[in-house]
Trainee: 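Take this structure, written in structure tokens, and hold onto it; I'll ask about it next.
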Amino acid sequence: MKDVMGIINLVEPAELLKDLTNHRTLGAVPIGGRYRLIDFVLSNMVNAGLRNVGIFVQEQYRALMDHLGTGREWDLNRQRDGLFILPPDYRGEERNSGDIEILHRHYDYFERSRQDTVIMAGTSMVCNIDYQKALAYHDEKNADITVIYHKSRGPSNLSTIFSLNSDQKVTGIQVNPLHAKEDNVSMKMYIMSKQLLMELVDLCLCRGETDFVKDGLIKNLSQLNIYGYCFNGYVASINSLQAYYKHSMELLDPNIWEELFFRSGLIYTKVKNEAPAQYGHKAKVSNCLVANGCMIDGTVENSILFRGVRIQKGVHIKGSILMQRSEIKENAMLEGVILDKDVVITEGKHLLGDPGYPLVIGKKTVL
Amino acid sequence: MKDVMGIINLVEPAELLKDLTNHRTLGAVPIGGRYRLIDFVLSNMVNAGLRNVGIFVQEQYRALMDHLGTGREWDLNRQRDGLFILPPDYRGEERNSGDIEILHRHYDYFERSRQDTVIMAGTSMVCNIDYQKALAYHDEKNADITVIYHKSRGPSNLSTIFSLNSDQKVTGIQVNPLHAKEDNVSMKMYIMSKQLLMELVDLCLCRGETDFVKDGLIKNLSQLNIYGYCFNGYVASINSLQAYYKHSMELLDPNIWEELFFRSGLIYTKVKNEAPAQYGHKAKVSNCLVANGCMIDGTVENSILFRGVRIQKGVHIKGSILMQRSEIKENAMLEGVILDKDVVITEGKHLLGDPGYPLVIGKKTVL
Amino acid sequence: MMNKACIAMILAGGQGSRLGVLTKRVAKPAVPFGGKYRIIDFTLSNCANSGLDTVGVLTQYQPLALNTYIGIGSSWDLDRKHGGVTVLPPFVRENGGEWYKGTANAVYQNIDFIEAHNPEHVLILSGDHIYKMDYAAMLTYHKQRQARATIAVIQVPWEEASRFGIMNVDDQNKIVEFDEKPANPRSNLASMGVYIFNWPILKQYLEADEADPSSSNDFGKNVIPKMLASENDLYAYPYSGYWKDVGTLDSLWEANMDLLAEKPSLDLHERNWRIYSVNPTQPPHFLADQSIIQDSLINEGCIVYGLVDHSVIFPGVRIGKNSKIHDSVLMPNVTIGENVIVSKAIIGSNAIIEEDCHIGQGDPGDEQELTVVAEGAHIKSRSKIATTAQV
Amino acid sequence: MMNKACIAMILAGGQGSRLGVLTKRVAKPAVPFGGKYRIIDFTLSNCANSGLDTVGVLTQYQPLALNTYIGIGSSWDLDRKHGGVTVLPPFVRENGGEWYKGTANAVYQNIDFIEAHNPEHVLILSGDHIYKMDYAAMLTYHKQRQARATIAVIQVPWEEASRFGIMNVDDQNKIVEFDEKPANPRSNLASMGVYIFNWPILKQYLEADEADPSSSNDFGKNVIPKMLASENDLYAYPYSGYWKDVGTLDSLWEANMDLLAEKPSLDLHERNWRIYSVNPTQPPHFLADQSIIQDSLINEGCIVYGLVDHSVIFPGVRIGKNSKIHDSVLMPNVTIGENVIVSKAIIGSNAIIEEDCHIGQGDPGDEQELTVVAEGAHIKSRSKIATTAQV
């Protein structure tokens, strides 16, 4: 097997998730009842045999460091290779924005790593992908860069769109076009040689350019053989609060649940040692995802309950996402609501959001 | 046993070590042939049974993160408690200086920790101390804060000096006085309740104060019962390049070597899997500390060789400190020199420094 | 190596033959319990939560599952540089090898291991009891009384006392007599099989016991009675709380059902005394539109389309449409087809029950005997399994 | 669990009785070597460097030191969530327990362990050879030839060939004959005791071997000859490089001395093929003013006041003033007093040699026999130890 390293680039626009990213980087946003966004891309990399993963962080990464710990859950707690969290480590000077500068700051990490090939990805694209197949495709096409995309006909204004010729060679790249003609939506995953990535980063930096896609790829499109690899599986692109809510609800389809959590490999996450979920005598729960540590004695429909949620008698919950350790006291009613961690809803309280505009209650709020 | 947590405060003036701290924080400065400064305080804490250590870093901490890794060498790779590297994680706003702000940024780390008592220390005081004894003293005196000091008659302008009454109660504190009357030199190690530390930090911050000693201790001296605990063992205070060189040379005294590395517990450090040092047919080595991975075929006197140093035939080295993977080619001569990591000295080169002003050659220099 | 004040030795070698088909391929401490755990998790978690960081696990019978499960101990935070968990199987010496003859002999054969840690005290534990206990508090008690040995005891119902080793104590809790399974018990204080010994004293008794050819080398039968005969300072440490020896299939089933009370006396949610276990990598469980769940524990990775009532469901279980599970324990990765009824049963790991089966003797609520389906069994559609016999 | 393409089984159960006093309390794979390592480090590091991450270590004789040493495998980066190192001692089944009868029987008894990982290939290794080898390259070779089994071979001097299992091969490296210790060898290709088998085939031969009451259940004596008799596609994998079976005290001493050549054929400094081991927590060694060191390996934690010439010094050794060490191996924590002469000797761990002793037969340079001082021995001052007998 080829020796490949992974780069997870957390220099992502996070503001779009509003309150959920107030105090955490996008990769640390909780999803799917017990995961954080980064778990998917990191598990995909580990499942493809990658043993050296560098995580480039920019800000608000404390929750992420807590979550990743020593990397043990991903079997990346190694003496040689392993998991590297690479903070910007500023010293006095002003910060630029953009991923080029962050990548450049850790040039020595690339130099030190033994691997020749890099998979670089963000955390906003939730999927269960077999990177080995994409790597084989990359070799077969003898590509300089392979970009991974999926077919999607949604609004394109938050997506990067590829134009491809009949041989799957990328002939054009548009970042966030208002009206895209094509439906080849970038999954923001790139395979290339480490050497080429380092050259592109260096080239951009010395020209004062800041963005890997706009400056590194688009401006060099004519000199590079960039190929598109189409991923046909389920993809949840978490680029807005509405998308977060919509894709979360999609997990209540057992086929998507099966595909996302079991298809090409398992999804690892931090372990909490919670007891199994406990259902009381008055529990009425249907069409729900429920994590361990929950204690439920009320009615819950079409919802996702993270670890350690407590739901008392007489409570009625519909179409909501309740994050870790939320506590819902007797006779409260919630619909179309997202509760961040450690929220307490007191007795008899009613909250109503809309699927198109879910109501988000911030971390540790008591309402 | 009381449950105690450790705080290692890396907000220390590092510039005094000049070239050695150009690209690393003080705690990451190599010393003693295979250690970094932080190894001593961290090992002392672990040897006293501490299982939760937070390391507050400000800048240039990448080498430190590499060194500490998952905390495995200090047996701190745990699910519960363990080793926490706490970076400032700025978001947009301007940075202040001073340790108060850094401590305040991680208020939730204190809240989350189960321990009631804190030992807080920096990394500049190299020693092998039994913190259990100091903790017992703290209890016995029923002190609010116990400060650890040693007796030293050197220049005081880089030291904090305590005045003590006959009961060892601290009656005065002077930071960097030009001419100190007393010889009670602070080892910058403090024992107190977590509660009190959090209160002092909060108090200082809301008054716009920045420095734990000047603002937190000196200004509250009358309201607090602060006691001094005198440590009688060997202490190397690494507060200047001259001190670094002088104290390094002191390790060539087998009594100090024994005391520092074996007295109250072992000193742990990152493992490198180097082979034993190999001495060739022309080797002549005396009064030296030599780490594993060295290959020596020349003459070396009164020097410290870090891991993986290569010394060819005809080389003559006196009174020098050669850091990791230095390579000295045939017939070179060095005296009074400090080579940072990965330096290559070419054939026949002569370098001469002075013990009072050792010549420092920067990392990766080829000369 | 640091001098360890106290190290723990967990006896995990027993076959547990009264658990029948459930222990055909695994030792009793490795039997699944409580929707998530294996029995030994409770003892290991007690050790971790009590601050003990050096634990020897004495194995002998079918140790592979247990070895693999305990692994490097990281699930219990016992993957330590010094100490941690060490699995101690029998081994060969210069003059040949010997299997463990009894509980005392198992510890005797590992005197070298214990001496390597140079402990003051040794805590002897069983790997097959369900309980939460702070051994550090018991050690403090032991030290305060300057005891030679301390034995944890629990009050059992008088009518059951003759099944246990019974302590008769004075008003200082000093043990005056020990009866192993007495016909006419004079006390209802049963030994929990949790002992603290001063190591030099225990060592001496182990050596004497080994030299005695008539001994069956057992703590309860031999070592404790001998100690009582010649020592004064043996104390009972009274424990009150949930404790269960899951030595039979019925008691295993009961212990599982105990967890389903509204306020179970064994609280698995306690944050300051977590029960650690190896966490399988599974997503949250999915309850379908038509599912009905009550009075139950359900772990991650399950998909439920049917009804689950007063049951314990381990990870990875699939329950088909219109199936009904009552008063049962479904171990990991059990698959239940459609229209199946399961009533008062334990279904072993990986078993497959095809559609239209009826497992169990009667209807829920009836007085029934327990039915047990073996690990990996495959029950064809339209079968009726309703015997006390284990499939 | 992932299907593991290849797993390794390391035979580490042997007593190594020809190493005499050095294996009284530890198994041969745990004997110290090369100033830092234990013999098994080489095999374990080869596994780690070859990308194998599932390794079973079959132990039987005095496993405590080896168990403690291997621990959770983290020193070799083998503390993995899936796979990693598993120590496999003999164990008890429903119908009783059985010790390992031979190398093949040891693997046979662990068929369950192997099947749990569902491998395509199984690599069988010895824990007591000193060499560096890329097993991944050998596996590629094995696959390319679609071999049923592949055996690594090395050319040995013709005069020594009759001490080894000798392969006769055709020009395609296909094995045509295997002679175990032939009186008149017809080839000098010796088996290194490194085998790759297709697992389904090996399993079948192990079962047949077990059923054969006349077999001594050994790979070299039984399984390989039987395979050769009925299979075609067994290949030899030629290896060239340093390889040493340290089966005797003399060969152990020689292998240590081999490291002191100016360019040793076993390079311990190679950065891409590190030999991992458990690193003791020791500071850099200290050489005093009067010390003289040449042609030697010295590990951390030593203090040397005397002369060390052409010797291998393990961690924690103290050598007093005016003492002279020639052509010797000093194992961990040996203490040498003042005015001691040690010449062509192996001094076991923790031994104490008081002042004015003379260990070894003659003067350096003379033709002498090896002298061995046992682990933990205490040699009183002014003793002369100069016999081939081991103290």
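Chain A is the first sequence line, chain B the second, and so forth, proteins listed ahead of strands; every chain is numbered from 1.
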Trainee: Below 4.5 Å from any heavy atom of chain D, which atoms of B:Glu73 appear? Answer side chain, backbone, both or neither.
Mentor: neither
Trainee: Counting only non-hydrogen atoms closer than 4.5 Å, does D:Pro264 touch chain B with its backbone (N, CA, C, O), its side chain (CB onward), both, or neither?
Mentor: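 For D:Pro264, the side chain is the part near chain B, not the backbone.
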Trainee: Kindly compute the distance separating CD1 (B:Ile338) from CD1 (B:Ile321), expressed to the nearest 0.5 Å.
Mentor: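 Spacing of CD1 (B:Ile338) from CD1 (B:Ile321) equals 4.5 Å.
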Trainee: Cationic tip of D:Arg38 within the cone over D:Tyr69's six-membered ring, i.e. under 6.0 Å and within 45° of the normal?
Mentor: yes
Trainee: For chain B, find its close neighbours in residues 256-263 of chain D: heavy-atom separation under 4.5 Å, sorted by number, or none.
Mentor: D:Leu259, D:Ala261, D:Glu262
Trainee: Flag the pair B:Lys329 and B:Glu327 as a salt bridge only when some basic side-chain nitrogen lies within less than 4.0 angstrom of an acidic carboxylate oxygen.
Mentor: yes
Trainee: So does D:Glu254 pair up with D:Lys244, basic N to acidic O under 4.0 Å?
Mentor: yes
Trainee: Quick one: what part of D:Ser74 sits under 4.5 Å from any heavy atom of chain B, side chain, backbone, both or neither?
Mentor: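 Both backbone and side chain.
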Trainee: Picking from B:Gly32, B:Gly280, B:Ala283, which has the most non-hydrogen pairs under 4.5 angstrom with chain D?
Mentor: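 When all of B:Gly32, B:Gly280, B:Ala283 are compared, B:Gly280 has the most.
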Trainee: Would D:Tyr131 and D:Phe42 count as a ring-ring contact (aromatic ring centres under 6.0 Å, His included) here? Give the steps.
Mentor: CA-CA 6 Å; D:Tyr131 65 118; D:Phe42 289 84; 8.3 Å; no
Trainee: Under a 4.0 Å N-O cut-off, is there an ion pair linking B:Lys313 with B:Glu347?
Mentor: no
Trainee: Name the member of B:Arg307, B:Glu258, B:Gln278 that forms the most heavy-atom pairs with chain D at distances under 4.5 Å.
Mentor: B:Gln278
Trainee: Under 4.5 Å, heavy atom to heavy atom, which residues of residues 289-299 of chain B contact chain D?
Mentor: B:Leu289, B:Val290, B:Ala291, B:Asn292, B:Gly293, B:Cys294, B:Met295
Trainee: Look at B:Ala275, B:Ala277, B:Gly33 and state which one has the largest set of heavy-atom pairs under 4.5 Å with chain D.
Mentor: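 Of the options given, most contacts go to B:Ala277.
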Trainee: Once rounded to the nearest 0.5 Å, what's the spacing between atom CD1 of B:Ile345 and atom CG of B:Leu334?
Mentor: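 Result: 5.5 Å between the selected atoms.
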Trainee: Measure distances from B:Lys282 to the heavy atoms of chain D and classify the residue's part below 4.5 Å as side chain, backbone, both or neither.
Mentor: neither
Trainee: Would you compute the distance between atom CG of B:Asp340 and atom OG1 of B:Thr365 and round it to the nearest 0.5 angstrom?
Mentor: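 One gets 8.0 Å once the value is rounded to the nearest 0.5 Å.
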Trainee: Looking at chain D, which one of B:Cys288, B:Pro254, B:Ser43 has the largest number of heavy-atom pairs inside 4.5 Å, strictly under?
Mentor: B:Cys288
Trainee: Select one option (side chain, backbone, both, neither) describing which atoms of D:Phe314 are under 4.5 Å from chain B's heavy atoms.
Mentor: neither
Trainee: Is D:Leu297 close to chain B through its backbone or its side chain, or both, or neither, when contacts mean heavy atoms under 4.5 Å?
Mentor: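 Both backbone and side chain of D:Leu297 come within 4.5 Å of chain B.
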Trainee: Highest number of heavy-atom pairs under 4.5 Å with chain B: which of D:Asp295, D:Leu268, D:Asn299?
Mentor: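 The answer is D:Asp295.
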Trainee: Report the relative orientation of the aromatic rings in B:Phe40 and B:Tyr35; use parallel for angles under 30°, tilted for 30 to 60°, perpendicular for over 60°.
Mentor: tilted
Trainee: From B:Asn44 CG over to B:Asp39 CG, what is the distance, rounded to the nearest 0.5 angstrom?
Mentor: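 Interatomic distance, B:Asn44 CG to B:Asp39 CG, rounded to 0.5 Å: 10.5 Å.
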Trainee: Any salt bridge linking B:Arg325 with B:Asp342? Criterion: basic side-chain nitrogen under 4.0 Å from a carboxylate oxygen.
Mentor: yes
Trainee: With only heavy atoms counted, which part of B:Val271 is less than 4.5 Å from chain D, the side chain, the backbone, both or neither?
Mentor: side chain
Trainee: State the NE2-CG distance between B:His67 and B:Leu42, to the nearest 0.5 angstrom.
Mentor: 8.0 Å
Trainee: With a 4.0 Å cut-off on N to O distance, would you call B:Glu301 and B:Lys284 a salt bridge?
Mentor: no
Trainee: What residue in D:Cys302, D:Ser296, D:Gly301 has the most heavy-atom pairs under 4.5 Å with chain B?
Mentor: D:Ser296
Trainee: Give a yes or no on whether a salt bridge exists between D:Lys28 and D:Asp128, defined as a side-chain N under 4.0 angstrom from a carboxylate O.
Mentor: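 Yes, D:Lys28 and D:Asp128 are salt-bridged.
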Trainee: Determine whether B:Val29 and B:Arg24 make a side-chain contact, defined as any pair of heavy atoms from C-beta on separated by less than 4.5 Å.
Mentor: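 Contact flag for B:Val29/B:Arg24 side chains = yes.
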Trainee: Any salt bridge between D:Glu300 and B:Arg34, counting N to O under 4.0 Å?
Mentor: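 Looking at B:Arg34 together with D:Glu300, the answer is yes, because their closest N to O distance falls below 4.0 Å.
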Trainee: Considering only heavy atoms and a distance below 4.5 Å, find which of D:His269, D:Gln294, D:Lys36, D:His285 pairs most often with chain B.
Mentor: D:His285
